[in-house]
Amino acid sequence: MIVFDLLCGSGHRFEGWFNSAEDFSAQKKHKILECPTCGSGKIDRVPSAARVNLGAQEKPKAPEKTPEMEGKDPFAIAQMLYSKMLDEVLTKTEDVGTKFPEKARDIFYQRDSVRPIRGVATEQEHKDLVEEGIPVTRFPIPPKNKLN
Ligand SMILES: [Zn+2]
C-alpha cells in the first residue's frame, strides 16, 4: 500500500491509500476520489509526501559483528561460536564417558572432588539427573569434534 497526502481544490488535506501510484492516477482520472470534508473532486497529491507502508516501521538490527565474522554468513558465524564453546568445554572438563551419571551424582553429593566433567548419558539418565536437581547440560557434538 502507498499513502499519499492529498489536497482538494478548497485546501483540505487528507490521506489516501492506494495499491500503487497507477491506482491513484486511475481513481483521479475516473473522478472516484473526493475530498472527505467538502466532497470536491478536484484532488491533487501533495508533492514529496508519499510513503510506502511495508507493515514494519523499523529495519531489523544487524547482530554485533567481530572482525573475524566479517564477510561470513550467519550459519558460518553460528558454527564458529559453537565450535569455540565446544573447545572450551572439551579442554576444561574431564571425560568420564559412560560413568557420567554416576560421577555427576558423586560430585553433586560431594562424594568426589568437585570438578567439571563431561560424558555420555542416556535420555532416561539425563532426565533422572535433572529431576534430582543436578546441574547438567547437554549439547550435540558435531562429527568433526569427536570426544575421543
Ligand atoms: Zn475539501
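Order of listing sets the numbers, starting from 1, for every ligand and every atom in it.
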Is any side-chain N of the basic residue among E132 and R105 closer than 4.0 Å to the acidic one's carboxylate O? yes

Can you tell me how far CZ of F14 sits from CG of L6, rounded to the nearest 0.5 angstrom? 4.5 Å

Under 2.8 Å from the Zn ion (ligand 1), the protein N, O or S atoms found are C8 SG, H12 ND1, C35 SG, C38 SG

Contacts of K29 meeting salt bridge (Lys or Arg N to Asp or Glu O under 4.0 Å) (sequence neighbours excluded), chain-then-number -> none

CG (L7) and NE2 (H12) are apart, to the nearest 0.5 Å, by 9.5 Å

E88 and K92 ion-paired at < 4.0 Å: yes

Salt-bridged, K103 to D112, with N to O below 4.0 Å? yes

